[in-house]
Amino acid sequence: MEGEHKRMSYGVEGVESKEMGKAVGVSACDLAMRVLAFMLTLVAAIVISADKQTKVVPIQLSDSLPPFYLPFTAKWHQMSAILYFLVTNAIACTYAALSLVLALVNRGKSKGLWTVITVLDAFMVALLFSGNGAAAAVGVLGYKGNSHVNWKRVCNVFDKFCDQMAASIGVSFIGSLAFLLLVIIPVVRLHPRTW
């Protein structure tokens, strides 16, 4: 009885789990990270999808002519990297919601399901970091331009657009860190401290 008690542990939720057995418990930390990842990727997707700014920009054709004032609109879907960023956040948000429901319904009954979920969590980390990197690269070009290829910076004109994009990338980055913790936590649980 005492040996059996040592093999069993009780999570914060009170769900019984066996450390080297068949069932894996659902901890409050797991659930909290899934809710956090869901909320952050949802906010990032909403913020970037609402990103739009119109400015009237002077166009100078010749020094002898007065400038033309034309309205230009910056929208998130005009750049494929930002579109990719939105799609990666939408996929991660949907997955976070589904995995949260599975975690609540399954309650640690299937070890195989948790293995699949952990692998998919790692996939979401990779997906989000690639989307964040693509959007950040476009953002840096917008803020600084590229003198080697004569690309002008645009964030001095479309400042609200660029600030909203930067905020969305930051929120998504925190969401990807939440998914990263969802991958790290089971690994730490498998290998208890030996020092």
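Every heavy atom of this structure was used, including side-chain atoms; hydrogens, water molecules and symmetry mates were not. Computed from a prediction, not measured in an experiment: that's the story for all the values here.
A donor-acceptor distance shorter than 3.5 angstrom exists from the side chain of Ser176 to the backbone of Phe173, with no hydrogens or angles considered. No donor-acceptor distance shorter than 3.5 angstrom exists from the side chain of Ser168 to the backbone of Gln164, with no hydrogens or angles considered. Without hydrogens or angle criteria, Trp76 side chain to Ser49 main chain gives a donor-acceptor distance under 3.5 Å.
Checking Asp159, Asp163, Val157 one by one against Gln53, the side-chain contact (heavy atoms from CB on, under 4.5 Å) holds for a single residue, Asp159. With Asn89 as reference, Leu128 is the one residue of Leu127, Val47, Leu128, Ile46 to meet the side-chain contact (heavy atoms from CB on, under 4.5 Å) rule.
Residues Leu86 and Ala45 approach most closely at CD1-O, 3.3 Å, considering heavy atoms. Between Ile169 and Ala136, the shortest heavy-atom contact is CD1-N, 3.8 Å. The shortest non-hydrogen separation linking Ala178 to Leu36 is CB-CD2, 4.2 Å.
More than 12 heavy atoms of other shown residues, nucleotides or ligands fall within 6.0 angstrom of atom CZ in Phe129. Summarising the local packing, CE of Met79 is surrounded by more than 12 heavy atoms from other residues, nucleotides or ligands at distances under 6.0 Å. The environment of Lys160 atom NZ is dense: over 12 non-hydrogen atoms of other residues, nucleotides or ligands sit within 6.0 angstrom.
Within the 4.5 Å cutoff, no side-chain heavy atoms of Val138 are placed close to those of Tyr84. A 4.5 Å side-chain heavy-atom check between Val57 and Leu70 finds every atom pair outside the cut-off. The closest side-chain heavy-atom distance from Phe123 to Ile91 is not below 4.5 Å.
Atom OG1 of Thr94 is separated from atom CE of Met124 by 9.0 Å, given to the nearest 0.5 angstrom. Expressed to the nearest 0.5 Å, how far OG of Ser172 lies from CG of Leu42 amounts to 11.5 Å. Lys52 contributes atom NZ, which lies 5.0 Å from atom NZ of Lys75 (distance to the nearest 0.5 angstrom). Rounded to the nearest 0.5 angstrom, Asp121 CG and Arg34 CZ are separated by 4.0 Å. Here the CG atom belonging to Leu104 is positioned 5.0 Å from the CG atom belonging to Leu100, to the nearest 0.5 angstrom. Once rounded to the nearest 0.5 Å, the distance linking CD1 of Ile174 with OG1 of Thr41 reads 12.0 Å.
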### Message
Pair Met165, Ile48 - check side-chain contact (heavy atoms from CB on, under 4.5 Å), show working.
### Response
CA-CA 6 Å; Met165 185 172 77; Ile48 200 67; 3.8 Å; yes

### Task
Evaluate the criterion side-chain contact (heavy atoms from CB on, under 4.5 Å) for residue pair Phe85 and Asn132; output intermediate values, then yes/no.
CA-CA 6 Å; Phe85 172 76; Asn132 293 342; 3.1 Å; yes

### Message
Would Cys29 and Ile185 count as a side-chain contact (heavy atoms from CB on, under 4.5 Å) here? Give the steps.
### Response
CA-CA 9 Å; Cys29 182; Ile185 289 170; 3.5 Å; yes

### Query
Would Phe179 and Leu40 count as a side-chain contact (heavy atoms from CB on, under 4.5 Å) if you check the C-alpha gap in whole Å, the side-chain angles of each, and the deciding distance to 0.1 Å?
CA-CA 11 Å; Phe179 275 110; Leu40 290 170; over 6 Å; no

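Clustering ILVMFWY residues whenever any of their side-chain heavy atoms sit less than 4.5 angstrom apart, transitively, puts Val188 in the very cluster that holds Leu182. With hydrophobic clusters built from ILVMFWY side chains whose heavy atoms lie under 4.5 angstrom apart, Val116 does not share a cluster with Val187. In the hydrophobic cluster analysis, where Ile, Leu, Val, Met, Phe, Trp and Tyr join through side-chain heavy atoms closer than 4.5 angstrom, Phe72 is grouped apart from Tyr143. Ile59 and Val56 fall into different hydrophobic clusters, where Ile, Leu, Val, Met, Phe, Trp and Tyr residues are linked whenever their side-chain heavy atoms come under 4.5 Å apart, directly or through other members. Clustering ILVMFWY residues whenever any of their side-chain heavy atoms sit less than 4.5 angstrom apart, transitively, puts Leu120 in the very cluster that holds Ile184.
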